[in-house]
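In what follows, chains carry the letters A, B, and so on, assigned in the order in which the sequence lines appear, proteins first and then strands, with residues in each chain numbered from 1. All heavy atoms count here, side chains included; hydrogens, waters and symmetry mates do not.
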Protein chains: 2
Amino acid sequence: MNIGELAERTGVSIRSLRYYEQKGLLTPLRKENGYREYTPFAVEQVQAIQLYLNLGLSTDEISGILQCVLQNKEAFCKDVLPIYQQKLQEIDKQIQVLTSIRANLTERIDSILLERSLSGQEEG
Amino acid sequence: MNIGELAERTGVSIRSLRYYEQKGLLTPLRKENGYREYTPFAVEQVQAIQLYLNLGLSTDEISGILQCVLQNKEAFCKDVLPIYQQKLQEIDKQIQVLTSIRANLTERIDSILLERSLSGQEEG
DNA sequence: CTTGACCCTCACATTAGTGTCAGGGTTTAC
DNA sequence: GTAAACCCTGACACTAATGTGAGGGTCAAG
């Protein structure tokens with residue numbers, strides 16, 4: 001199928017499909033006229049790519065595991081677990097930072113509300 | 001003082017000080033030779049900017065409140081509270097997304113570990 | 001044989017703060 | 001008067017996936 005049909009079937013933009021190819025995630029054949037030619041299996045490939053992107057993996061990380069996971073169960077691909085574990089650490093770090101900022105923000109908000117309830121003043 | 005001294009006193013790079021000026025957060029005078037001339041008060045200004053950046057505010061958001069908060073208590077500046085509250089909402093949304101991803105990741109990790117403990121296979 | 005829908009590549013824009021380099025003045029101390 | 005240290009502007013790089021547009025082939029239906 002052509003790129004337009006793959007885009008329609010997967011809901012992924014043509015631009016993104018070309019980008020995935022540039023990053024080595026998809027390698028369609030080319031027709032004589034230069035058009036990309038995708039097999040029906042490409043639909044599953046694209047869905048897998050989207051799934052991993054939604055997990056926060058980068059295209060580079062995905063490229064390292066995509067071939068294996070498309071042909072096996074995840075547990076069978078030795079590269080998947082360390083990537084997941086590293087991503088989990090990053091996520092935890094981000095949550096930690098955000099939680100800290102959140103505490104600071106709520107403290108300041110409460111402080112402002114308290115002061116205003118005491119004096120009732122405000123200005124630009 | 002010159003920009004180098006301000007950078008040294010605040011621990012903020014010269015590059016960043018110029019950027020803050022470009023974004024309207026600092027407006028030093030200029031000497032006849034074109035050098036930026038900062039008052040001692042600029043040290044407090046830069047520290048305030050850093051504080052708000054660390055709270056996740058953008059330079060645009062900071063520019064809207066900086067003048068007031070440098071001269072008053074936060075509670076006295078009417079623009080501060082809505083910015084804090086909006087930022088809090090964004091943070092909560094981010095934490096929510098990350099938490100969801102985290103749950104998905106740990107589920108997959110556990111699943112992999114479970115499958116491996118049952119079959120003991122792996123491969124690249 | 002022309003129109004419209006499809007495809008191609010190349011490349012800039014987006015976010016946001018900071019690093020870094022080029023190319024070039026100024027000042028200070030020797 | 002020159003070297004070192006300081007300052008200036010302008011501009012590209014970085015991250016990462018995607019949008020968008022220019023400029024230009026291809027194909028299918030009429």
Exercise for review: Using whole Å, report how far CD1 of I49(A) lies from P of dA16(D).
Suggested key: 16 Å
Study note, to complete from the structure: E61(A) CD to dA17(D) C1', in whole Å, measures 14 Å
Review point. Does the side chain of R15(B) get closer than 4.0 angstrom to OP1 or OP2 of dC14(D) through an N or O atom?
Key: no
Review point. Between V12(A) and I49(A), is any pair of side-chain heavy atoms under 4.5 Å apart?
Key: no
Exercise for review: Name the nucleic acid region contacted by R36(B), choosing base, sugar-phosphate or nothing; use a 4.0 angstrom heavy-atom cut-off, strictly under.
Suggested key: sugar-phosphate
Review point. Within the pair S13(B) and dG19(C), is there a side-chain N or O less than 4.0 Å away from OP1 or OP2?
Key: yes
**Study point:** Spacing of E5(B) atom CD relative to dC6(D) atom P, expressed in whole Å
**Key:** 11 Å
Exercise for review: For Y38(A) and Q45(A), test the side chains for any donor-to-acceptor distance below 3.5 angstrom and give the result as yes or no.
Suggested key: no
**Study point:** Short side-chain N/O contact from S16(B) to OP1 or OP2 of dG17(C), under 4.0 Å
**Key:** no
**Study point:** L25(B) CG - dA16(C) P separation (whole Å)
**Key:** 13 Å
Check your understanding: Among side-chain atoms of Y20(A) and Q50(A), is any donor-acceptor pair under 3.5 angstrom?
Key -> yes
Check your understanding: Would Q89(A) and Q85(A) count as having a side-chain donor-acceptor pair, cut-off 3.5 Å?
Key -> no
Point to revise | Separation of atom CD in Q50(A) from atom C1' in dA16(D), rounded to whole Å | key: 14 Å
Exercise for review: Select from L57(B) and R18(B) the residue whose nearest nucleotide in DNA chain C is closer to the 5' end of that strand.
Suggested key: L57(B)
Check your understanding: Taking only N and O in the side chain of S58(B), is any of them less than 4.0 Å away from OP1 or OP2 of dT15(C)?
Key -> no
Point to revise | Polar pair under 3.5 Å, donor/acceptor by atom type, side chain Y19(A), base dG19(D) | key: no
Practice item. May I ask you to evaluate whether Y20(B) reaches the phosphate of dG17(C), defined as a side-chain N or O under 4.0 Å from OP1 or OP2? Key: no
Review point. Does a side-chain heavy-atom distance below 4.5 Å link R18(A) with Q22(A)?
Key: no
**Study point:** Selected nucleotide, minimal atom distance to L53(A) side chain, candidates dG17(C), dT18(D), dC8(D)
**Key:** dT18(D)
**Study point:** Earlier contact from the 5' end, DNA chain D, for K23(A) and Y35(A)
**Key:** K23(A)
Revision key, fill the gap. note: E37(A), atom CD; dC8(C), atom C1'; distance rounded to Å ~ 15 Å
Exercise for review: Calculate the interatomic distance between E32(A) atom CD and dG25(D) atom P; express it in whole Å.
Suggested key: 18 Å
Exercise for review: Examine dT27(C): is either OP1 or OP2 under 4.0 Å from a nitrogen or oxygen in the side chain of N33(B)? Give yes or no.
Suggested key: yes
Practice item. Send over the distance from I14(B) CD1 to dC6(D) P, rounded to a whole Å. Key: 9 Å
